[in-house]
Every structure is written in structure tokens, then in C-alpha cells.
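Okay, structure first, notes after.
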Amino acid sequence: MAATLDTPVAPSETRPDARSGARPESAAPHPRRWLGLSAVLAATLLNLLDSTVVNVAAPAIRADLGGSYSALQWMAAGYTLALAVALLTGGRLGDMFGRKPVLLAGAAGFVATSVACAFAWSPESLISARVAQGLCAAVMIPQGFGLIRDLFGARDVGKAFALLGPVIGLATILGPVVAGLLVDADLLGTGWRAIFLINVPVGAYALVVGARVLPAPDRSRGQADRSGGLDVTGMLLGGLGMSMLVYPLVQGRELGWPVWSLALLAGSAPVLAAFALHQLRRARRGRTPLVRLSVFASRSYSSGVLFVVVFFGLITGFSLAVGLFLQLGLGYTPLAASLAMASWAIGAFAGSAFSGMTMNRLGRKILHLGLGMMVAGLAALYAVFETAGTGLGGWHLVAPLLLFGAGMGMIFVPLFDIIVAGIADHEVGSGSAALESVQQLGASLGIAILGTVFFGAIGAPVAGRFDPSAALDAAERVAGLTLALTAVAFLVAFLLPRRARAH
């Protein structure tokens, strides 16, 4: 089960009442604020569900549409890569045109692309629709934080987030199980396509309620900030560099690592350097950049970026590999696989609750505690692989995945607040938004790298079935690499600030 920080980030600037549609902090809460919050939650859940459901449904999709095994990786990585590329631009669109209309436009696009996913006729058409879905999510998601503040005001916004966290946590637990039911039990009679069709009623709710309740931009106050324009060149350069980094990692193994794939990998560095240079020039000219590169002058922030890439890469790639191992290797149904992995999400929910109560007291120590539990869970899982072998049952996974999930959950809540603790106040908005984009890039890299390790070890199927012993070997290799990456994250965490940023 993939897990992401889906709480919307703050806009790229830090002037709270100069954002489009913002209510003054002294303003009274909106009279229908809870109904408005439900619309924002619905939009958030669209992204949360679609970042995980493909992990459950991937084998069923391939059985129906065909395609290569790298296509399975692209069904997940295409979404997260598009989200990484466009998140910063999505936040800027909310600044320029108002959060409400931009969120509604993103939600409408998400519903439309979900229908396109459901009616895909080939792996290529599904991957294209998934990329478009990610772009729409990038427009929709960054608006939520500001809209919640506009609905509740500065004094009561904590009440909204007190509800937001548990709802997202429950969705994380129930989402893959519901996806397994939709695919395995064929509740809607459409097989795997139901995991995308379910977005239609959720998205329709967000659109209808959002249009009626969410606060519109107050144009009389001149709050839409269109100064500096939209950095299309920056988005294209960043997208090209990220794609050049991820694409050969997914396709290289299947194609035998041709020279051009290695050239793409090497070429991603100068393209990303050109992106950084473009951001510097744009800032010098007084135009709004996608990323304020001054935040990288802080060693703790730069270390935090590395931590985010490693951490989210390992949990997302490991999630995909475990789901594929259970279904392709051991013949689990989608529902059985999602239930076997349910303890992971339950642990994440409990770990998040624990860290939320103790993060102010423990600070950075909570990260090391969580990573230590993840190591223990992975070690236990490796022992289970060795002892149970191909006779592995779902109950064997309960304790290891519960430990791993609890440790993972402990890191979610305080991570971004700890990373941005070492940067200036005026950089917090931009720094947080950049971390959100880096998080999605890390997820894409994790899917690419750990997925490639898994498919490289599992070998080719015989008569449409994989050798369970080879699948077990592939799972052990992925678990070993995930353990090594967790150890790297443990060491990098020592470079982060000792305390979370005070709000």
C-alpha cells in the first residue's frame, strides 16, 4: 500500500491575506464551513485513492489489456510523475485565478480523466489517461489548504485539520480493500474499471457542493495575484528532466539497457541544472519562480529533500512490489492481497496518531523511532519469507507489515514541519510546496527502481504463471534493498533539525 502526504501544502508565498479568495484572518468562519470542508475532503480523497488503487488492480488490468510488465510500473509511475511535474504550477494557478475555480476545474478534469481510464482499450491509452489524471490532481490538490483556512479562519482551522487527519487515515486503510472488492467481487460488473468509475460520484459531490459552498475569490479586494505570470518554461524544463530520470529506469531492464537509456539518465542532470538556472534568473528579474532555490542553502533542508526522495521512494516501490508478489507470485486475488496488506495501513494510522501526540516533545527522535520500527518490520518480513517460503499465508504478514506501517506512520505527521524548521519564515511556503513535488518524484523513482529489481528477479512466466520460488526470491531482494534504503534514511535523518517548526 502506497502512502503519501496528501494534506495540501501552503501556497508558494506567505502573505496570508494576499492570496486569491483569502478571507482576512480576523474574519468569522464561513456559516457552512463543515459542508465546504466535505467538498475539499472529497477532492483530497480522489487523489489519495488513485495513488494506491492501481497497486491492487495492476495484475487484473494486465490480464485484460495485455502489455509489458514495465507498463504495470507506468500505470503507477505515470500518475506520480505527472503530479510531481505539475504540483508547483497548480499552486501558482490558485494564486492567479482563485482557489475555488481552480479546484473545481481540477476536479472536473479528474472526473473526466477517470472515465477515460475506465474506458481504456490498451495499456498505452490507460497510461496516457493516468498521466492526465496526475496533471488534473496537481491543479486540484494545492488549493485545499487555503480553502480550509478561508472556510474556518485562523482561529478554528485546527478543528478542521483535527477531522482531516483521521478521515485520510481511514481512507488509507479502506481504499485498497474497497478496490479489492470492486475488482475481485466485481461489485459493479465492470472488473478493474470500477476502481476509476468510483471517482465519478466522489468527484461529482466535490463539484456540486464545492460550487455552492466554497468561498469565491473576492475580486473587490484585488486578491488574485497574477504578478510574475506563470512559469511554463520552468515546468517544461523540470518535467523533461524528471522524465529523463525516470523513463530509462522503468524501460531499461526490459530493453536490455540500450545506450540511449543510459544517455537519457546522464542527460537528466544538465536538464535539471538548466531548470535551476532558469529559476534563479526568474527570481532575479522579479518574477515568481516555481521554486525559491534559496531554501537549498540550508543544509537541513537539502538533507530533507534527500530524505523525502529515499523515504517515499522506498515505501511506494515496496508497496507495489508486495502487491505484485502476492498476486503474480502466489496467486492471491486482488481482495485477498489487499486484506493481507491491511495491517500495514492499520499500523500507519496508529503510528500517525502516536506521532501527532508526541512530535512536539520528541522532535527528530520520532523519525528515528519510526525508521527503527520499519527496519524491525522488514527484518521480520525477511524471516517470514525464509521460514514460510512459498506456503506464505496472509496471516504471516500481519505482524511484520503492522510494524513497518506503524513506523512509516510515525514519520508522516512531523516530517515536513521538521524539514522546514531550518529555513526562513518567508521561504516556508515555497519550501513546503517543493517538498510535496519531490515527494511525488521520489514515489516515481521508487516504483521505477524497486519495480525493476522485482521484475528482473522474477523472470518470465511459463504458461502464463510465474514460478513461486522465483517470485519469493524477487520479494526477498526487494525487501533487502528496502531495508538498505531505510538505513540510508536513518542516517540522513541525523542532518535534519532537532525540533519541528512551531506553528
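The first residue of the sequence shown is numbered 1, and numbering continues consecutively from there. This structure is a prediction, so every number in the text was calculated from the model and none was measured.
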How far apart are the closest heavy atoms of Leu450 and Leu314, and which atoms are they? CD1-O, 3.7 Å

Ring center gap for Tyr301 and Phe296 short of 6.0 angstrom: yes

Start with the C-alpha distance between Asp50 and Arg130, add both sets of side-chain angles, then the distance that settles salt bridge (Lys or Arg N to Asp or Glu O under 4.0 Å), and finish with yes or no. CA-CA 9 Å; Asp50 273 66; Arg130 286 284 286 169; 3.7 Å; yes

For Met374 and Thr486 the tightest heavy-atom approach is CB-CG2, 4.1 Å

Here's a test for you: under side-chain contact (heavy atoms from CB on, under 4.5 Å), which of Val54, Val115, Thr113, Leu182 qualifies with Phe196? Val54

Is there a donor-acceptor pair closer than 3.5 Å between any side-chain N or O of Gln440 and the backbone N or O of Leu83? no

Using the ring of each side chain (for Trp, its six-membered ring), is Phe311 parallel, tilted or perpendicular to Phe307, with breaks at 30° and 60°? parallel

Taking Val139's backbone N and O only, do any of them form a donor-acceptor pair with Gln143's side chain (distance below 3.5 Å, no angle check)? yes

Strictly distance-based, threshold 3.5 Å: is any side-chain N or O of Ser437 a donor or acceptor partner for the main-chain N or O of Ala434? no

Side-chain donor-acceptor pair under 3.5 Å between Ser444 and Tyr79, yes or no? no

Looking at Ser352 and Gly409, would you say the former's side chain and the latter's main chain have a donor-acceptor pair under 3.5 Å? yes

Counting only heavy atoms from other residues, nucleotides and ligands, does the tally under 6.0 Å from CZ of Phe119 exceed 12? no

side-chain contact (heavy atoms from CB on, under 4.5 Å) with Phe312: which of Ile411, Leu445, Leu415? Leu415

Please answer whether the main-chain N or O of Arg364 pairs with a side-chain N or O of Arg499 as donor and acceptor at a distance below 3.5 Å. no

Please report whether the ring centroid of Phe318 lies less than 6.0 Å from that of Phe404. yes

Arg287 and Asp231 ion-paired at < 4.0 Å: no

Which pair of non-hydrogen atoms, one from Trp344 and one from Ser319, has the smallest distance, and what is that distance? CH2-CA, 3.5 Å

Are the aromatic ring centres of Trp74 and Tyr247 under 6.0 angstrom apart? yes

Evaluate the salt bridge (Lys or Arg N to Asp or Glu O under 4.0 Å) criterion for residues Lys100 and Asp150: first the C-alpha distance (whole Å), next the side-chain angles of each, then the deciding distance (0.1 Å), finally the verdict. CA-CA 10 Å; Lys100 175 180 177 177; Asp150 294 347; over 6 Å; no

